[in-house]
Undergrad: 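The structure's right below; bear with me while I get my questions together.
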Number of protein chains: 2
Amino acid sequence: MPQTSAPRKTLGRPPRISREEVVTTARRIVDAEGVHRLTMRRLATEIGSTPMALYHHVRNKEELLVLLLDDYAARTLHRPELPAQPRERVIAAAATIHEALAACPWIVEVLTADDLMATSALWFVEQIVDGLIECGLPSERAVHGYRAIWYYTAGEIVVRATAGRRRTDDTRPTYREQVFTDLDPTELPRLAQVADHWSSLTAEDTYVDGLRALVDGLLAPR
Amino acid sequence: MPQTSAPRKTLGRPPRISREEVVTTARRIVDAEGVHRLTMRRLATEIGSTPMALYHHVRNKEELLVLLLDDYAARTLHRPELPAQPRERVIAAAATIHEALAACPWIVEVLTADDLMATSALWFVEQIVDGLIECGLPSERAVHGYRAIWYYTAGEIVVRATAGRRRTDDTRPTYREQVFTDLDPTELPRLAQVADHWSSLTAEDTYVDGLRALVDGLLAPR
DNA sequence: GCTAGTTTCCTTACATGTACAAAAACTTGC
DNA sequence: GCAAGTTTTTGTACATGTAAGGAAACTAGC
């Protein structure tokens, strides 16, 4: 008995699993036990298949993670009320994306995508580009501005997340930390001056401040 | 016969390899054949030892890469003449770091460090923090400013590099690319408007423009 | 029904990072 | 010289992503 009552039209062996099923199951594993528990084998047995079968629905694990990111975005990235003033709209849109991504630690391994091209995130990109244009930028500079915002945003998340991961992995001080403790005040006076507060200063969340500065700078007359 | 003529003072079995030797050999492999050829086994045989012996001199492969990055920085990051004007000095220092890192594609896997704390790079950090302070920022805001610059810089390199890698890996279009080709112009008018030029626009190198905007914004009166 | 073609799936195999435990090569105190 | 302690090295073992090739389950044409 065929899968459906209607006669099949597609050629070849009928699939027993779908890309959607793969992504959904992967999501369940990640949500329940964290991304480090998501292995291709685990996913395969969970889905009642074999590891290599997955590779017919997903190019590789990295693509699977990208799909998970899009899935996550589609579920959690709801369009908020944005300010009418275009500059504030740019900032609010970027901050919303940032907030959603920052709340989702496993994203880091994917964030290095060249853009946030999930369909559900495109609306935010639109808002940012549109806001920049309404503020007077020509469209090419608006696109460049969006990219700068994206670099800044992705960089912030990736840097913070991996720094945190390195810290929890091991308690021994990195030699980098050591480097910072014995500074030569005559050679590097400013750093020596702030050395004591460095770690607390870098622990602060200043994403929005930096974002605001960047947008201000992008919009300032040349 | 002991290693040196002088009597040894250290306890335990004398080491046959050193961290320095590990890093140097790793560098040779990376320089000659690329980072993807650097495996712990390969490195071990090259050095005349066993894989697990390396782990007494290096915490794991990630730390080895960090060490490679510092080594690279120490060799190639020479202090240039910087402009006297503090704002331009900030930009020049950041651009110099960026240039060095961008020329070194394998760096990507490490860049997610929370800072660029190589001893040889600290001078650049000093220049940036000092420039921001000389422009009138209080020291805490200068540190935050440096971090924003670092986020932006690291993000740019990581995003660009992985985007490039994905592209060369496979010729098939990503589904992300597909997403961008069929846009609804009524829903996302700005994106539809620039869709044709998107890839060429994002291919342009606008790092310094964005950096300048960010610094301008950081220094603008609140 | 039979053959060819197509798509999906499974089996096997390999390279890699690294955990774990034991052995090896030392120093120190007796 | 010997026992205890310390550090480095080695051998073995496992989990992981995924390449390669073939088997399985279909449709289309005869």
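All values below were derived from every heavy atom in this structure, side-chain atoms included, with hydrogens, water molecules and symmetry-related copies excluded. The chains referred to below are lettered A, B, ... by the order of the sequence lines, with proteins before strands, and numbering in each begins at 1.
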Undergrad: Within the pair B:Ser49 and D:dT10, is there a side-chain N or O less than 4.0 Å away from OP1 or OP2?
TA: yes
Undergrad: Do A:Glu156 and A:His98 have side-chain atoms, one donor and one acceptor, less than 3.5 Å apart?
TA: yes
Undergrad: Do any side-chain nitrogens or oxygens of A:His36 fall under 4.0 Å of OP1 or OP2 in D:dT16?
TA: no
Undergrad: Using the test side chain to side chain donor-acceptor pair (under 3.5 Å), find all partners of B:Thr186 that sit at least two apart in sequence or belong to another chain.
TA: B:Asp184
Undergrad: Mind checking side chain to side chain contact (heavy atoms under 4.5 Å, CB included) for B:Ala148 and listing every partner two or more places apart, or none if nothing turns up?
TA: A:Tyr152, B:Leu214
Undergrad: Is the backbone N or O of B:Leu218 less than 3.5 Å from a side-chain atom of A:Arg212, with the two atoms forming a donor-acceptor pair by type?
TA: no
Undergrad: Applying side chain to side chain donor-acceptor pair (under 3.5 Å), can you list everything that pairs with A:Tyr207, at least two apart in sequence or on another chain?
TA: A:Thr153
Undergrad: Hey, what are the protein-to-nucleotides 1-5 of chain C N/O distances that come in under 3.5 Å?
TA:
none

Undergrad: Which residues pass the side chain to side chain contact (heavy atoms under 4.5 Å, CB included) test with A:Thr76, sequence neighbours left out?
TA: A:Tyr72
Undergrad: Of all the choices, C:dG17, C:dC9, C:dA23, which nucleotide is nearest to the side chain of B:Arg13 once you look at every atom?
TA: C:dA23
Undergrad: Would you mind reading off the distance between B:Arg42 atom CZ and C:dT16 atom P, rounded to a whole angstrom?
TA: 10 Å
Undergrad: Can you pull every protein N or O that's under 3.5 Å from an N or O on nucleotides 18-20 of chain D?
TA:
{"unit_1": "D:dT18", "atom_1": "OP2", "unit_2": "A:Tyr55", "atom_2": "OH", "d": "2.9"}
{"unit_1": "D:dT18", "atom_1": "OP2", "unit_2": "A:Lys61", "atom_2": "N", "d": "3.0"}
{"unit_1": "D:dT18", "atom_1": "O4", "unit_2": "A:Arg41", "atom_2": "NH2", "d": "3.4"}

Undergrad: With sequence neighbours excluded, what pairs up with A:Asp71 under the salt bridge (Lys or Arg N to Asp or Glu O under 4.0 Å) test?
TA: A:Arg27, A:Arg75
Undergrad: With sequence neighbours excluded, what pairs up with B:Asp130 under the side chain to side chain donor-acceptor pair (under 3.5 Å) test?
TA: A:Arg190, B:Arg89
Undergrad: Measure from CD1 on A:Ile47 to P on C:dT8 and round the result to the nearest Å.
TA: 15 Å
Undergrad: Could you tell me the separation between the CZ atom of A:Arg16 and the P atom of C:dT7, rounded to a whole number of Å?
TA: 19 Å
Undergrad: From CD of B:Glu21 over to C1' of D:dT8, roughly how many Å is that when rounded to an integer?
TA: 14 Å
Undergrad: For a quick test of your reading: what N or O donor-acceptor pairs under 3.5 Å do the side chains of residues 33-41 of chain B make, sequence neighbours left out?
TA:
{"unit_1": "B:Glu33", "atom_1": "OE1", "unit_2": "B:Arg37", "atom_2": "NH1", "d": "3.3"}
{"unit_1": "B:Glu33", "atom_1": "OE2", "unit_2": "B:Arg42", "atom_2": "NH2", "d": "2.8"}
{"unit_1": "B:Thr39", "atom_1": "OG1", "unit_2": "B:Arg42", "atom_2": "N", "d": "3.0"}

Undergrad: Under 4.0 angstrom, heavy atoms only, what part of the nucleic acid is A:Leu38 near: base, sugar-phosphate, or nothing?
TA: sugar-phosphate
Undergrad: Are any of A:His56's side-chain N or O atoms less than 4.0 Å away from OP1 or OP2 of C:dC10?
TA: no
Undergrad: From CG of A:Leu54 over to C1' of C:dT8, roughly how many Å is that when rounded to an integer?
TA: 12 Å
Undergrad: How many Å lie between CD1 on B:Ile17 and C1' on D:dT10, as a whole number?
TA: 12 Å
